[in-house]
> 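Following this message is one structure expressed as structure tokens.
Lettering follows sequence order; numbering is per chain, from 1.
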There are 2 protein chains.
Amino acid sequence: MKQGKITIIDIAEKTGLSKGTVDRVIHNRGEVSAKSREKVLKAIREFGYEPNLHASLLASGHRKNVVLLIPSPASGSFWTLSAEGMKKAAETVGPLGIDCKTVTYDQYDLASFRVACDLVLDSHPDGVVLAPMFHYESFSLGERLHAERIPFVLVDSKIENKNYLAYFGMQEYASGYLCGDQLSQGKTMERVLIVRISPDRDRQADPTAGRRTGFLDYLAEHCPGCEVIQTFVHPSDPVQIRQAMEEVYAAHPDIRHIVMFNSRIHRIVPFLEAHPDPQRRVVGFDNLAENMAALRKGTISVLIGQRPGEQVARAIQALADYLLLDKKPAQKDNHVHMDILTRYNIDYY
Amino acid sequence: MKQGKITIIDIAEKTGLSKGTVDRVIHNRGEVSAKSREKVLKAIREFGYEPNLHASLLASGHRKNVVLLIPSPASGSFWTLSAEGMKKAAETVGPLGIDCKTVTYDQYDLASFRVACDLVLDSHPDGVVLAPMFHYESFSLGERLHAERIPFVLVDSKIENKNYLAYFGMQEYASGYLCGDQLSQGKTMERVLIVRISPDRDRQADPTAGRRTGFLDYLAEHCPGCEVIQTFVHPSDPVQIRQAMEEVYAAHPDIRHIVMFNSRIHRIVPFLEAHPDPQRRVVGFDNLAENMAALRKGTISVLIGQRPGEQVARAIQALADYLLLDKKPAQKDNHVHMDILTRYNIDYY
DNA sequence: TGAATTTCCGTGCACGTTCACGGAAAAAAT
DNA sequence: ATTTTTTCCGTGAACGTGCACGGAAATTCA
């Protein structure tokens, strides 16, 4: 079909009303009699009127702004990848009348998240992209946004709040299961080391729990009797990490399979390189620069990527579609592909 | 920075000229003195003028149309995936004033390609997305488009013509190399079967040659002395295919590694399922529905995906950016990621 | 019945470009 | 110096929608 040439004025003529009235019913802002309203609605349906985006944006000059609320992208961390996606998306929706900005918080500090939430609300955004790290507070932010009729999109992980416009993230459980297959290469394993980040009391949401469950299920189904060793390391302190690893290694010198379910696998790379073992298989998550470097060197066997940049880009796009064309996304829950990254395909990621 | 509030009229005032003149230099359509031209250009740079897309599109009401020239997407074939990407991209650029349509040809019939080329040129498109199957004719189409100043973007494979605006495709050589690693799982192989499509005289371009080279290089480096067996099958005739496979199998009953470099690996699935072998490893290319089904069942071990939909979507986007904002893509040659697909991550592709 | 409300609706300008038209200024020809 | 041509530039009407303003019609009140 040809693009709708019919304008708001055509509708006005067909109905014998004026464009002002037609405009009022389109944006249903009242001051229209029920009868006229019906007539206009009918004509719109009948003649297939579609608003001209450009004329609309031009006339109502004001730009919309969406804010992205994510943990601070420390250099080289997972969230820098998200920030990059945001930048790219901002470029595409910018000329369409959407301004993007970012508000960050410390993902290990609940108070900073609360501050960030208030900041977001105070800026009266037209839309929000949220990476929820703290369950309860994210939920309540969702409630507050919903109360102000501000649409929000979730990335990375979900919360129970059902008011979100859309969600973009990785299938947690399935990625853990996949991880099992990549670690084992389909053969049975006898002993597996899971390296975990020390739990943080304030941190209420653990996005890696689902992955761990999927992984353990894979083990149960494909490697019955496999011994699972777990060790906990500090999120950043290299000395503590090294020491913890050395201890496990001393206790189990024959460990050949190592896995981490968060993006910090690069933290144990120094240890791994101090104890080289060509037979060893190491699987981690996310395409951080340091992870990729270790992958190229062969220290890490496989990374599972979730395209964080694409997640936020799609989130912003969804928000733009909603704000501009008020088109809701086809499905609320969208899962990005789980990328298997090896040294042979990492260079074109 | 705030979004450029300065308009063409501001520039006019700054320079003491009129908006008409400013407009003329912006679209450099002549009829302006060198002096005025310089003044305007300087002011534009100085004050950072950026054209308002909406006003522009609104005023110059005419829509642009781009055409996608690809092989006929036979049901379930590789090109249906491209067509889907086109559909999605069309939805996003549609409201921006770009109409997309598709012209198809028989990828095994040169004459049909010639006809398609003429069809494309006769429709006087504003931009073209081209999947070149026939080298020489594609080259000459490129020349003709360039002569008419019609920008074109290549997908899937490249041609020598340097006038293309951009290229989106997979790294052929690297994907073959990757294929070797996935087939062998890092261990040395002793015997490998490569299944190829019978060469077609008229078909001048073979996109799989690069993959084969990469694969053989992997073999040379990691599996020295590995025996390579090749067999040729008809592109579609199931009977011939089955027979050819049976013959190879009879001659080499101990084949454990099978690979195909085109998207037709599903053609040998019936054979594979008639001769089950849990030890066997099979690697193919592209996420056709039938390939994916075989992957789920375990008949195929790994598929290497190249996101054909994303390729054309990005191609169309690049064309749109050029036509609308006349912004050239950051880099001409863009390689999409080589996806490793297994039964464990295929469901969210 | 007339006045005071309330409800509803039409008018007209603005948004930033594009582009055809026509005219002034400069250059060339007589 | 006058006419003709060329070069250059300003003007103003679209494009389709948003929205403020004011006024007509319908309703309520006195």
> Quick one: list whatever passes ring pair (Phe, Tyr, Trp, His ring centres under 6.0 Å) with A:Y105, sequence neighbours left out.
A:F113

> With sequence neighbours excluded, what pairs up with A:D23 under the side chain to side chain contact (heavy atoms under 4.5 Å, CB included) test?
A:I8, A:H27, A:R29

> Kindly give the atom pairs (protein nitrogen or oxygen, nucleotide nitrogen or oxygen) under 3.5 Å for nucleotides 18-21 of chain D.
unit_1, atom_1, unit_2, atom_2, d
D:dG18, OP1, A:H27, NE2, 2.7
D:dG18, OP1, A:S56, OG, 3.4
D:dG18, OP2, A:D23, OD1, 2.4
D:dG18, O6, A:K19, NZ, 2.5
D:dC19, OP2, A:R29, NH2, 3.1

> Scan A:G16 against the nucleic acid and name what it touches under 4.0 Å (heavy atoms): base, sugar-phosphate only, or nothing.
sugar-phosphate

> Who are the side chain to side chain contact (heavy atoms under 4.5 Å, CB included) partners of A:D156, not counting sequence neighbours?
A:F78, A:W79, A:M133, A:Q306, A:Q311

> Can you measure A:L58 atom CG to D:dC15 atom C1' for me and round it to whole angstrom units?
9 Å

> B:R149: which residues meet the side chain to side chain contact (heavy atoms under 4.5 Å, CB included) condition with it, sequence neighbours left out?
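Side chain to side chain contact (heavy atoms under 4.5 Å, CB included) list for B:R149, sorted by chain: empty.
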
> For B:D333, which residues count as a side-chain hydrogen bond (donor to acceptor under 3.5 Å, both in side chains) partner, sequence neighbours excluded?
B:K158, B:Y164

> Which distance, rounded to the nearest 0.5 Å, do you find between the CG of B:L165 and the OH of B:Y322?
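Separation between the atoms: 6.5 Å.
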
> Looking only at side-chain N and O atoms, does B:T21 come under 4.0 Å of OP1 or OP2 in D:dC8?
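Checking B:T21 against D:dC8: no side-chain N or O falls below 4.0 Å of OP1 or OP2.
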
> Scan residues 30-49 of chain B for pairs that pass salt bridge (charged side-chain N to carboxylate O under 4.0 Å, His left out), counting only residues two or more places apart or in two chains.
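Every pair satisfying salt bridge (charged side-chain N to carboxylate O under 4.0 Å, His left out) with a residue in residues 30-49 of chain B: B:K42-B:E46.
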
> Roughly, in whole Å, what's the span from CG in A:D10 to C1' in D:dT17?
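Atom CG in A:D10 sits about 13 Å away from atom C1' in D:dT17.
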
> For A:I44 and D:dT17, give me the distance from atom CD1 to atom C1', rounded to whole Å.
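It works out to 13 Å between those atoms.
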
> Contacts to DNA chain C from residues 32-40 of chain A, heavy-atom cutoff under 4.0 Å, which residues?
A:V32, A:S33, A:S36

> In whole Å, what is the span from the NZ atom of B:K5 to the P atom of C:dT17?
12 Å

> For B:I11 and D:dG10, what is the distance between atoms CD1 and C1' respectively, to the nearest whole Å?
17 Å

> Between atom CG in A:N52 and atom P in D:dC15, what is the gap in whole Å?
12 Å

> Extract all donor-acceptor atom pairs below 3.5 Å that involve side chains of residues 119-130 of chain A and protein atoms in other chains or at least two apart in sequence.
unit_1, atom_1, unit_2, atom_2, d
A:S123, OG, A:V120, O, 2.8
A:D126, OD2, A:N65, N, 2.8

> Using the test side chain to side chain contact (heavy atoms under 4.5 Å, CB included), find all partners of A:I44 that sit at least two apart in sequence or belong to another chain.
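Checked A:I44 against side chain to side chain contact (heavy atoms under 4.5 Å, CB included); matches are A:I11, A:I26, A:V40, A:Y49.
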
> Rounded to whole angstroms, how far apart are CD1 on B:I9 and P on C:dT18?
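After rounding, the reported distance stands at 12 Å.
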
> Kindly calculate the angle separating the two end axes of the helix from C:dT1-D:dA30 to C:dT30-D:dA1, each obtained from five base pairs, and round it to 10 degrees.
50°

> Between B:S18 and A:H54, name the one whose nearest nucleotide on DNA chain D is closer to the 5' end.
B:S18

> Among residues at least two apart in sequence or on other chains, which ones pass side-chain hydrogen bond (donor to acceptor under 3.5 Å, both in side chains) with A:S112?
none

> Calculate the interatomic distance between B:N28 atom CG and C:dC19 atom C1'; express it in whole Å.
16 Å

> Parallel under 30°, tilted from 30 to 60°, perpendicular over 60°: which one fits the rings of A:H335 and A:Y167?
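Rings of A:H335 and A:Y167: perpendicular, over 60°.
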
